[in-house]
Asks: 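Quick one: the structure is below, and I'll ask about it shortly.
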Amino acid sequence: MKHQGISERVDLPIERIPTRWYNVIPDLPRIPERYIDNATGKPVTQEYLERLFVKALAAQESSLERWIKIPEPVRDAYKLWRPTPLVRAVALERELDTPAQIWFKYEATSPTGSHKLNSAIAQAYYAKRDGHTRLVTDTGAGQWGSALALACQLMGIDLTVFMVRASFHQKPYRRHLMETYGATVLPSPGDSTAFGRKLLADNPNHPGSEATAVSEALELVDADPGTRLAVGAFSNHCLLHHTVIGQELREQLALIGRSPDYLIASVGCGSNLGGFALPFLEDKLNGADIEILAAEPEACAPLTYGEYRLDWADAGGRGPGVHTYTLGHDFVPPPIHAGGLRYHGCAPLVGLIRHEGLLEAAAYPQTQVFDAARTFARLQGYLPAPESAHAIRAVIDKALDCRRTGREATIVFNYSGHGLLDLEAYGRHNAGLLRDVEEEDFSAPSMAQSLEGQAS
Ligand SMILES: *Cc1c(COP(=O)(O)O)cnc(C)c1O
């Protein structure tokens, strides 16, 4: 029966949590360019990677093994919330009067509310196992920081998080979450690094960005031999860990006898899209008619408006140079509420598949995204993260295309996280105050708060 009820749901038993991660690199049309050491202009050495990342992760970064076994303690931690459900948005289909089926992989069941814990658990586990004493990382709105804070607590290793200064003051809930899990959280820019002190000297109200936070994190890694960088989205190993999403999805679709026509995800850096869609890339390369679509914010859309070239991963050029789609490492994303999508570039694997013509991209202004999110919440009950809402906006377009053409397509999107800590943005939208680009940075610290920040 078509369009009956609110939803349908496909669950997998706990034993079906994947036992290995899928590494797409051997299946790509070509091997990705190596990272560049900015000090020498040459490709980085394995030594360089091992000084930057946890040893096992440096190895995964350039591994050519198609399947990598998930260590038992990691798979055990996945049992906290995996396998995640696949849900059909029947009410949304009815509202759109579309012959397409709309399904979503619901990654918001994780304890911290987003997909990010898939990689956080793995990174914390290897850091502890390989004998490092501390991880350091950057976070914007705090999704990654809170996932890693929990993971480090579970695995028993210290964590320092540089949180974009604006969010540190204006969106403190995830900071409280990180601190509850036992992490040390510092605003970026802040006075604990030379780079941070320099930025603050130039502009005491500097709001910070993901890129400044990475630069400061790298300074800490340089200064302490026991410390390694954990990255929430950019690296090949991070995308690898998220492939549990796409592997489960394949099984769930097989159970209902469907294959996807559209795979849609929001992209900040591309970790949720990568984990969700890369396990289907081989089918696509073998001729399956699957469109993989990245949904970006109009205000910061490297895959839609950027170019494919060598650029720095961080604002200061301390980190490696990377070939990918970028708006430029000095691009400062304008104020929008999807903090997780405010980054100038995207993961090199995602950039590469776009460059090879295997990935489509579309960009949407913020007010349209929140309209879509509100429609979705009213029909399906779940309140999406502003990031995930970009995918929902794209899904609605595709479903309406199907109405015009009569195509009974299977549209699947990744519901990367919930929006229950993003209610301030929904409040502004409900009050009619939300703009496509906010005039002031709602995440920028007020004068009083930044003074308080300097004092502490
Ligand atoms: C971080 C985040 C994103 C964007 O990051 P990707 O690396 O592109 O996945 C999307 N959705 C949620 C809920 C996030 O927390």
Side-chain angles (χ1 to χ4, degrees), residues 84 104-120 123 137-150 163-164 167 171 173-174 177-178 210 213-214 230-246 263-278 292-297 300-304 313 324-325 333 336-351 353-354 359 361 363-364 369 373 382-394 413-422 425:
T84 62
F104 56 99
K105 183 71 169 147
Y106 191 74
E107 285 295 302
T109 53
S110 89
T112 56
S114 81
H115 69 285
K116 293 216 166 63
L117 202 56
N118 295 322
S119 186
Q123 295 192 37
T137 199
D138 63 290
T139 197
Q143 287 276 23
W144 168 244
S146 48
L148 192 62
L150 171 58
M163 184 173 190
V164 173
S167 309
K171 301 195 167 165
Y173 293 112
R174 289 202 181 87
L177 188 57
M178 290 183 258
E210 296 270 0
V214 183
V231 286
F234 199 77
S235 61
N236 301 346
H237 62 257
C238 184
L239 271 61
L240 171 82
H241 303 149
H242 287 298
T243 60
V244 290
I245 304 171
L263 290 171
I264 301 177
S266 65
V267 169
C269 250
S271 70
N272 88 86
L273 177 121
F276 169 75
L278 289 178
I292 305 175
L293 176 64
E296 300 187 293
C300 181
L303 290 168
T304 309
T324 191
Y325 274 87
I336 54 167
H337 292 277
L341 307 185
R342 290 179 72 183
Y343 184 70
H344 64 272
C346 60
L349 287 180
V350 170
I353 64 168
R354 172 103 175 112
L359 174 66
Y364 301 98
V369 168
Y382 296 115
L383 186 95
E387 292 85 358
S388 316
H390 286 73
I392 295 173
R393 180 65 191 74
F413 74 95
N414 198 30
Y415 191 107
S416 51
H418 69 64
L420 293 174
L421 292 177
D422 303 279

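Position 1 is the first residue of the sequence; numbering continues from there. The figures here come from the full heavy-atom set of this structure, side chains too, leaving out hydrogens, waters and symmetry mates. Ligands are counted one by one from 1 in listed order, and the atoms in each one are counted from 1 as well.
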Asks: Compare all side-chain heavy atoms of Val231 with those of His237 and state whether any distance is below 4.5 angstrom.
Replies: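 They are in side-chain contact.
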Asks: Glu107: which residues meet the salt bridge (charged side-chain N to carboxylate O under 4.0 Å, His left out) condition with it, sequence neighbours left out?
Replies: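 Glu107: salt bridge (charged side-chain N to carboxylate O under 4.0 Å, His left out) contacts with Arg82.
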Asks: As a test of reading the model: which residues have a non-hydrogen atom less than 4.0 Å away from ligand 1?
Replies: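 Ser114, His115, Lys116, Gln143, Ala233, Ser266, Val267, Gly268, Cys269, Gly270, Ser271, Asn272, Gly340, Leu341, Ala385, Glu387, Ser416, Gly417.
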Asks: Looking at Leu240 and Thr243, what are the two nearest heavy atoms and their distance?
Replies: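 That would be O-OG1, 2.6 Å.
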Asks: Going by heavy atoms in the side chains, are Asn272 and Ser266 under 4.5 Å from each other?
Replies: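 Yes, at least one pair of side-chain atoms sits under 4.5 Å.
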Asks: Will you find, in the side chains of Glu387 and Ser416, an N or O donor that is under 3.5 Å from an N or O acceptor?
Replies: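 Distance-only check fails for Glu387 and Ser416.
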Asks: With distance as the sole criterion, is a donor-acceptor pair present between the side chains of His241 and Asn118 under 3.5 Å?
Replies: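 No, because no side-chain N or O of His241 sits under 3.5 Å from a partner of the opposite role on Asn118.
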